[in-house]
Amino acid sequence: MQGSARSENLEEIAKEVRKSIVKMTFEAKSGHPGGSLSATEILTYLYFRELNIDPANPNWPDRDRFVLSKGHSTPVLYSILAMRGFFDPNLLHGFRKINSLLQGHVVNHIPGVDITAGSLGQGLSNAVGLALAAKIDKKSYRVFTLIGDGESDEGSIWEAALSAAHLKLSNLIVFLDRNMIQLDGFTEEILTLGDLEGKFRSFGWAAITIDGHSFAEIRRAIEWAKNEEGPKMIIARTIKGKGVKFMENNPEYHGKPVPNEEKLNEALKDIEGM
Amino acid sequence: MMMSNELNWLPDLINKLDKKSVREAYGNTLVSVGADKSVVVLDADLSTSTHTSMFQKKYPERFFNVGISENNMMGVASGLSWTGKKVFVSSFAIFATGRAYDFVRQSVCYADSDVRIVATHAGLTVGEDGATHQMLEDIGLMTGLPRMRVFVPADALETEEIVRYVYENRGPFYVRLSREKVPVVHDSESFRFGRAETITDGDDLTIIATGILVSAAKIATSYLKQKGISARVLNMATIKPIDSDSILKAARETGRILTAEEHSIYNGLGSRVSEVVTESYPVLVRRLGVNDTFGESGKSWELMDKYGLNPMGIVNKVEEMMKVTV
Ligand SMILES: Cc1ncc(C[n+]2csc(CCOP(=O)(O)OP(=O)(O)O)c2C)c(N)n1
Ligand SMILES: [Mg+2]
């Protein structure tokens, strides 16, 4: 890990990230807060504790990679990249606006972004490619990926899962944001995913389930992953909208920001009180 | 007197126009044709956006949300259709035609299945979601498929008529709709399958437009008239089969054709019109569309202005074309 992030308190950082998510989507009057708030601890931990990256040299060839396969969750990623110094935090004000760097869905011309995504179910295949290249080149970098539970409806996720196991990609570590909600509603009402851990295991992956809002469990899961063979699936049980009471577990806030100043202040207060 | 600075959608032209949601028009029409028990509707986790949720509310037993699995959805639609169901399938244009292209080609078109794909969120007017969601190649993909018939309604009323048409007839069909509310062009029913509609007559040049660009062409024409240019406007709501007779008549009578669409200049309305003209009566044809680039995040009408898909873009092209001696 390069840079100065190590000493700060993760809980405090996560609060700042959450506030930024709520504010930037409010300012843009558009965007996806729900699945950003559910993934906040996962990305905070990766970017402030785990990833071997260098904000001053974002294209360093030996860096660890991160793939935001659920490419709509840009508010959490952009907020963290700005906090880690990949680009000027003022650019967050341009989020989703015309002629701006920070596109609605994640795109690889942004410093710190490795893979373009937004059409669900494609990022994981890209991650397989990145991990495979490390094997070919005998490099030690790792590929971390975040996929959604709704995203796991896509057949291509399971094609990539077969590939990763077949290719024995031990350097591939995937988090699945198990927030139980997709765009139209609750995952188990729309398309039953059932026992995801068992499914991935039967596909040849090492798999565990953790509390995706616990830094301690995220840390233990990553340590576990370091000692397992083959691709690793960490199913992170999370709450969509986590930290903002009226957004929590509420499918309405998949792709909708807080509607007004009053709700914004309520949301910021909720986050502060976490 | 109309001024040239009133030819961009923003700051206020678009707000002055009467606009209606084509997605709501789709939802309403689905509910009304849904009285027929053979109608089955599928969606892939976008029902609240495509408005198939309106059908779901009324006929939950004949609505199926397959989750985020567009390929699967097209295959299921084909299977259902071979038992006599009249199947409607919806998603965003990018996923219905892009992600699921091979399923549409093999399971729907080659298999000759009675399936109607009604896709929303086509083109730049997706807005803030940006390039990954802004489908600018679907007219090309869908018109390239044997058996597929392709429609782009100009407004909400025409959407109702086309959805009813595809319900009453046997598929495969592709209907392309926008996310944004679009300016009202029609005050009465006018849709005829495979027929261009004359919005205004004129003899210096013909503007053949589709979708949102029909209203842009209408506005551009009143401005051009002040400048002494008489433009004919054709609404090409059926892109395939295309109305070759009206195109060739325009070629013969006006000598110049401008096409306008919220789509790539490649393989869309402009290409289809050029093919007809080149084969039988070559005249000057120019295309207004997106110039071989992806879109980006921004507000819908801001993007339409930036990419020149507005009355101003049409006026500029027309003025250039009138300078060419033909
Ligand atoms: C291929 C594809 N189909 C549909 C969409 C539209 N879409 C964007 S987000 C989303 C729901 C995603 O749910 P999930 O993966 O659970 O994300 P999260 O809950 O973490 O936000 C959908 C259907 C898309 N982006 N890509
Ligand atoms: Mg989810």
Side-chain angles (χ1 to χ4, degrees), chain A residues 24-25 27-32 70-72 74 78 94-110 116-123 147-159 181-193 251-252 254-257, chain B residues 10 42-53 56 60 63-76 90-103 121 124 126-135 179 294-307:
Chain A
M24 70 193 276
T25 48
E27 190 176 344
K29 295 194 176 59
S30 141
H32 300 80
K70 46 168 220 152
H72 57 283
T74 42
Y78 294 165
F95 177 54
R96 288 188 156 243
K97 292 186 185 146
I98 197 165
N99 301 323
S100 71
L101 176 70
L102 301 180
Q103 296 294 300
H105 289 79
V106 66
V107 54
N108 61 12
H109 65 245
I110 298 169
T116 295
S119 179
L120 294 167
Q122 301 197 23
I147 66 175
D149 48 4
E151 181 179 17
S152 302
D153 293 352
E154 284 287 0
S156 58
I157 288 291
W158 302 96
E159 296 174 20
I181 292 177
Q182 53 196 97
L183 192 142
D184 273 337
F186 295 94
T187 58
E188 304 313 281
E189 283 170 22
I190 291 168
L191 188 63
T192 313
L193 289 164
E252 226 182 284
H254 164 78
K256 199 181 86 179
Chain B
L10 296 174
L42 305 180
D43 203 302
D45 199 28
L46 288 165
S47 68
T48 38
S49 302
T50 62
H51 285 26
T52 57
S53 53
Q56 174 182 26
F63 174 82
F64 299 90
N65 191 332
V66 299
I68 312 170
S69 67
E70 297 81 5
N71 292 327
N72 177 47
M73 176 165 72
M74 292 301 170
V76 172
S90 287
S91 177
F92 290 177
I94 193 88
F95 308 124
T97 71
R99 181 56 153 264
Y101 177 75
D102 193 52
F103 279 70
H121 293 61
L124 292 175
V126 163
E128 291 86 349
D129 272 346
T132 54
H133 286 54
Q134 290 161 339
M135 184 34 130
R179 168 182 174 232
F294 292 105
E296 63 179 294
S297 290
K299 293 204 180 77
S300 299
W301 300 107
E302 251 174 20
L303 292 169
M304 292 292 273
D305 281 340
K306 173 169 174 177
Y307 289 80

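Each chain gets a letter, A, B and so on, in the order its sequence line appears, and its residues count up from 1.
Interface residue B/Ser297: backbone and side-chain heavy atoms are both found under 4.5 Å from chain A. The parts of B/Leu46 that come within reach of chain A are both its backbone and its side chain, each placing non-hydrogen atoms under 4.5 angstrom from that chain. Residue A/Ser156 touches chain B through its side chain alone, counting heavy-atom pairs closer than 4.5 Å. Residue contact with chain A, scored on non-hydrogen atoms closer than 4.5 Å, is absent for B/Phe64. Contact annotation for A/His72: neither backbone nor side-chain heavy atoms come within less than 4.5 Å of a heavy atom of chain B. For A/Ser30, the part lying under 4.5 angstrom from a heavy atom of chain B is the side chain only. Heavy-atom distances place both the backbone and the side chain of B/Asn65 under 4.5 Å from chain A. Both the backbone and the side chain of A/Ile98 come within contact range of chain B, judged by heavy atoms closer than 4.5 Å. Residue contact with chain B, scored on non-hydrogen atoms closer than 4.5 Å, involves the backbone of A/Glu151 exclusively. Using a 4.5 Å cut-off between heavy atoms, B/Asp129 touches chain A through backbone and side chain atoms alike.
Nearest heavy-atom pair, A/Ser100 versus A/Gly94, reported as atom, atom and distance to 0.1 Å: OG-O, 2.8 Å.
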Mind running side chain to side chain contact (heavy atoms under 4.5 Å, CB included) on B/Thr48 and A/Leu183 for me, showing each step along the way? CA-CA 8 Å; B/Thr48 38; A/Leu183 192 142; 3.5 Å; yes
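Between B/Arg179 and B/Glu128, at least one side-chain nitrogen of the basic residue sits less than 4.0 Å from a carboxylate oxygen of the acidic one, meeting the salt-bridge criterion. A salt bridge links A/Glu154 to B/Arg99: at least one charged side-chain nitrogen sits closer than 4.0 Å to a carboxylate oxygen. Using a cutoff of 4.0 Å between basic side-chain nitrogens and carboxylate oxygens, A/Lys256 and A/Glu252 are scored as salt-bridged.
Residue A/Phe186 holds its CZ atom at 11.5 Å from CG of A/Asp149, rounded to the nearest 0.5 Å. Rounding to the nearest 0.5 Å places CG of A/Asp184 at 5.0 Å from CD1 of A/Ile190.
The six-membered or imidazole ring of B/His133 lies near that of A/His105, with a centre-to-centre distance under 6.0 Å.
Top candidate by heavy-atom pairs under 4.5 Å with chain B, chosen from A/Gly31, A/Ala117, A/Gly104, is A/Gly104. With respect to chain A, the highest number of heavy-atom pairs below 4.5 Å among B/Gly98, B/Ala44, B/Ser69, B/Ser47 belongs to B/Ser47.
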